[in-house]
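Remarks on the structure that follows.
A, B, ... follow the sequence lines: proteins, then strands. Residue 1 opens every chain.
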Amino acid sequence: MDEAVSRKYPVREDMRFQRRCWALERVGWAVLALIAIAGLTGAFGNGPVSRAHASAGPLTVSYERFQRATRTSAFIFDVTHQAGAEITLHLGAPFQRNFEVTSIQPAPLRSRTGPDGIDLTFGAEAGGKSRVVIWARARSFGLATMSAASDGGAPARLRVFVYP
Amino acid sequence: MDSVIKAAVVYFALWAIIRISGRRTLGEMSAFDLVLFMIIGGSTQRAITGQDYSLTNALLLVATFIVIDIALSLVELKSPFMRRVFNGMPMILVENGTVMAARLRRARITEENILESARKLHGLERIDQIKFAILEATGVITIVPAVQAGRIEPAAAPASL
């Protein structure tokens with residue numbers, strides 16, 4: 001008897017169902033492989049696809065487009081400014097709502113929190129270019145649109161998707 | 001609230017992945033498969049508990065897992081179709097001493113696996129001593145020996161010896 005035919009004895013088979021299961025299994029393998037490949041590219045964060053930049057005027061922010069809840073990642077702020085001045089970074093309220101700041105390098109000279117967000121003031125580098133790194137942990141999953149500005153300039157828009 | 005949702009998501013995601021990986025993984029577990037399952041357990045465990053190590057959270061998670069498990073078993077009891085979907089179906093691998101090669105290939109089982117079960121369960125030595133070898137829904141291979149006059153066929157030495 002042909003192997004593709006369902007037997008009734010000693011067990012009742014359903015080869016049509018069985019073949020469907022196998023087909024689904026193969027599709028599942030492909031999906032799992034795609035997930036692994038996507039993970040390598042950084043589609044789930046921490047990889048080339050995830051790198052993002054936003055700039056407005058003298059400010060450029062490098063950050064991760066894709067993040068995961070509870071995971072810490074870096075927001076790098078590069079500001080060009082007049083030599084010797086102080087620089088102020090303003091992070092909008094959505095940043096405060098969506099992220100828990102775990103460390104700021106260098107330490108700010110002053111910080112102020114208000115309903116519109118956080119203002120951080122740093123001593124500027126003599127060379128006219130300063131870099132501030134803020135490590136922050138995503139608090140909940142979903143799409144977050146945030147803004148960051150330096151010295152009252154136009155805000156740069158950061159769009160971050162946080163995986164659960 | 002999120003504990004219950006997380007537990008449910010993990011339950012179904014793990015179920016889907018294990019089902020996709022095929023039955024082979026479940027029944028014929030090698031030493032490394034055991035290690036693999038422990039790693040899978042360890043990786044998911046942290047995601048479910050997160051930073052909440054409270055007794056309440058632990059009990060909530062356990063309760064959710066058991067409730068889903070019971071609910072699914074009730075569904076299986078009611079619906080033969082769902083039983084198939086959740087557990088798969090038994091399939092014959094050897095019929096009257098003939099290996100069904102295409103089925104073995106699709107199920108990723110070798111003749112060696114069948115012979116191993118035949119030796120373990122009935123002390124059989126060759127495929128032709130097997131009446132039926134069945135890949136059960138649970139993932140194990142069961143063997144029905146070829147019987148003649150109420151006893152297992154005399155194990156005649158192969159002609160080549």
- [ ] Would you mind checking which part of A/Arg20 comes under 4.5 Å of any heavy atom in chain B, side chain (CB onward), backbone (N, CA, C, O), both or neither?
- [x] neither
Task: Joint cluster assignment, A/Phe75 & A/Val101, ILVMFWY side-chain distance < 4.5 Å - done: yes
Task: Distance flag, aromatic centroids of A/Phe141 and A/Tyr163, threshold under 6.0 Å - done: no
Open item on the list: Tell me whether B/Ile92 shares a hydrophobic cluster with B/Leu135, the cluster being built from Ile, Leu, Val, Met, Phe, Trp, Tyr side chains joined at under 4.5 Å.
Closed with: no
TODO: Identify which part of B/Ile134 has an atom lying under 4.5 Å from any heavy atom of chain A, answering side chain, backbone, both or neither.
DONE: side chain
TODO: With a 4.5 Å cut-off on heavy-atom pairs, point out which of B/Gln51, B/Met100, B/Arg106 contacts chain A the most.
DONE: B/Arg106
Task: Exercise: identify the closest heavy-atom pair between A/Pro155 and A/Ser147 - done: CB-CB, 4.0 Å
